[in-house]
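Positions are given from 1, in the same order as the sequence printed here. Reckoned from all heavy atoms, side chains included, excluding hydrogens, waters and symmetry mates.
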Amino acid sequence: MIGRISEIFTSVQGEGIYAGIPMVFVRFSGCNLQCDYCDTPLSRPAVAGKIKTVTEIIENIEKELESAKNVSIISFTGGEPLLHTEIISEIIPHFKKRGIKTYLDTNGTLYEKFSKIADDIDYVAMDIKLPSACSQDYWLEHLEFLKIAKKNIFVKIVVTSKSTDNEFKKAVETIAAVDVSIPLVIQPVTPVKNVDTMPFERIRTLKKFAETKLENVSIIPQLHKKLGIK
């Protein structure tokens with residue numbers, strides 16, 4: 001089996017509740033969404049990156065793990081990694097037997113594909129995509145995804161100057177309908193193109209609302225953007 005890989009590299013996790021933890025990142029090409037704040041546009045086209053066999057991908061990951069001996073987590077990211085579920089399902093067993101953990105960074109819309117590997121993923125970082133950023137809503141898809149992924153999952157909502165109170169509240173209520181203990185990270189957008197960040201006072205107001213529905217809410221910007229690293 002072959003897949004199209006944008007890059008494989010070692011860095012620290014830059015987003016969410018695991019920010020700062022070193023990981024080997026496997027960035028797949030291709031995405032099923034087009035969000036206006038996308039920070040990996042070169043990975044979005046399905047034709048981007050290099051075609052690699054599963055064996056080649058595993059060998060590349062092994063080289064990264066060998067170079068960075070303190071790393072014990074592999075992050076599948078993109079693009080949207082769940083477009084490559086079959087490939088991921090072949091990679092995981094090779095490393096699981098050695099105690100290497102797996103981390104999935106996903107837009108949370110492809111729940112049927114996720115259901116095939118959900119039991120084998122150790123950590124799930126799921127985005128809820130607001131309609132103002134992606135031109136349509138995915139409430140049903142997000143809800144079904146959350147129902148499957150209650151183990152070691154956190155949800156991230158990127159907020160911009162275009163984000164509305166109503167869509168944010170809908171996102172929070174979607175999470176709460178499944179499990180109020182699922183951590184929520186509100187992530188202020190890193191300004192890109194014509195997308196501006198939301199004033200911090202308004203972000204704090206959104207956080208206060210979320211805390212009336214959920215048990216664990218935090219505001220965490222993109223660490224790797226702040227540090228200027230990949």
Side-chain angles (χ1 to χ4, degrees), residues 3-7 13-16 25-49 75-89 103-118 121 123-149 153-164 166-175 177-178 182 184-198 206 220-222 224-225 230:
R4 197 172 285 274
I5 301 294
S6 176
E7 55 185 340
Q13 178 55 240
E15 299 181 346
F25 293 84
V26 180
R27 187 181 301 285
F28 289 94
S29 298
C31 188
N32 59 313
L33 305 184
Q34 291 192 11
C35 302
D36 58 11
Y37 55 73
C38 180
D39 62 355
T40 56
L42 296 179
S43 299
R44 191 165 62 195
V47 296
S75 171
F76 299 109
T77 184
E80 172 48 54
L82 287 177
L83 293 174
H84 309 270
T85 302
E86 292 78 8
I87 295 171
I88 293 173
S89 70
Y103 181 106
L104 179 71
D105 192 346
T106 174
N107 62 36
T109 62
L110 302 176
Y111 62 90
E112 292 180 336
K113 289 182 177 292
F114 176 67
S115 67
K116 298 176 182 178
I117 60 171
I121 298 293
Y123 309 102
V124 180
M126 172 198 165
D127 275 43
I128 284 187
K129 300 296 188 180
L130 300 181
S132 60
C134 300
S135 301
Q136 71 179 87
D137 71 70
Y138 296 93
W139 303 126
L140 175 61
E141 290 86 350
H142 289 324
L143 178 63
E144 293 301 319
F145 194 101
L146 285 166
K147 289 178 181 178
I148 297 170
I153 184 174
F154 76 90
V155 174
K156 170 165 58 71
I157 302 175
V158 176
V159 293
T160 76
S161 60
K162 299 178 182 178
S163 303
T164 70
N166 285 340
E167 64 182 358
F168 181 85
K169 290 178 179 179
K170 176 70 173 178
V172 170
E173 289 165 353
T174 299
I175 302 167
V178 177
I182 294 174
L184 169 63
V185 172
I186 304 171
Q187 182 173 295
V189 72
T190 301
V192 58
K193 297 180 181 178
N194 62 336
V195 181
D196 295 320
T197 191
M198 178 183 287
L206 294 180
I220 306 176
Q222 289 183 301
H224 54 305
K225 299 295 183 181
K230 185 183 291 184

Heavy atoms only: give me the nearest L206-V159 pair and the separation to one decimal. CD1-CG1, 4.3 Å
With a 3.5 Å distance limit and no angle check, can you tell me whether H142 reaches the backbone of K129 through a side-chain donor-acceptor pair? yes
With a 4.5 Å limit on heavy-atom distance, are the side chains of I148 and F114 in contact? yes
Going through the checks in order, is the side-chain contact (heavy atoms from CB on, under 4.5 Å) test met by V172 and I128? CA-CA 9 Å; V172 170; I128 284 187; over 6 Å; no
Side chains of S135 and Q34 only: does a donor on one sit below 3.5 Å from an acceptor on the other? no
I want to check something: taking the side chain as every heavy atom from C-beta on, are S161 and V195 in contact at a cut-off of under 4.5 Å? no
Heavy-atom side-chain contact between P221 and T190 under 4.5 Å: no
Does atom NZ of K162 have more than 12 heavy-atom neighbours from other groups under 6.0 Å away? yes
Over all heavy atoms of both residues, which pair between L82 and T85 is shortest? Give the atoms and the distance, please. O-OG1, 2.7 Å
Is a side-chain N or O of H84 found less than 3.5 angstrom from the main chain of S29, in a donor-acceptor match? yes
Hey, does T160 have a side-chain heavy atom less than 4.5 Å from the side chain of T197? no
Between R27 and E7, is there a donor-acceptor pair closer than 3.5 Å when you use the side chain of the first and the backbone of the second? no
Relative to each other, are the rings of F154 and Y103 parallel, tilted or perpendicular (30° and 60° limits)? tilted
Tell me, do I220 and E15 make a side-chain contact under 4.5 Å, heavy atoms counted? no
Derivation of the salt bridge (Lys or Arg N to Asp or Glu O under 4.0 Å) call for E144 and K147: CA-CA 5 Å; E144 293 301 319; K147 289 178 181 178; 3.4 Å; yes
Taking all non-hydrogen atoms of both residues, which atom of I117 and which atom of S89 are closest, and how far apart? CG2-CB, 3.8 Å
Between W139 and E167 the two heavy atoms that sit nearest each other are CH2-O, 3.3 Å
Can you sort out the partners of Y111 under ring-ring contact (aromatic ring centres under 6.0 Å, His included), two or more places apart, ordered by chain and number? none
I88 vs F28 side-chain heavy atoms within contact, under 4.5 Å: yes
I121 and L104: which non-hydrogen atoms are nearest, and at how many Å? CG2-CB, 3.9 Å
It should be assessed whether the SG atoms of C35 and C134 lie less than 2.5 angstrom apart. yes
Looking only at side-chain N and O atoms, does N166 offer a donor or acceptor that is under 3.5 Å from a partner on T164? no
Is K156 close to V158 at the side-chain level, that is, under 4.5 Å between some pair of heavy atoms? yes
Check whether E80 reaches the backbone of T106 with its side chain - one donor and one acceptor, N or O, closer than 3.5 Å. no
Here the pair of heavy atoms bringing S132 nearest to S163 is OG-CA, 3.6 Å
For a side-chain contact (heavy atoms from CB on, under 4.5 Å) check, start with the C-alpha distance between I157 and D127, then their side-chain angles and the critical distance, and finish with the verdict. CA-CA 6 Å; I157 302 175; D127 275 43; over 6 Å; no
Find out whether T77 and V26 are in side-chain contact, i.e. whether some heavy atom of one side chain is under 4.5 Å from a heavy atom of the other. no
Between OG1 on residue T109 and CG on residue L33, distance to nearest 0.5 Å: 5.0 Å
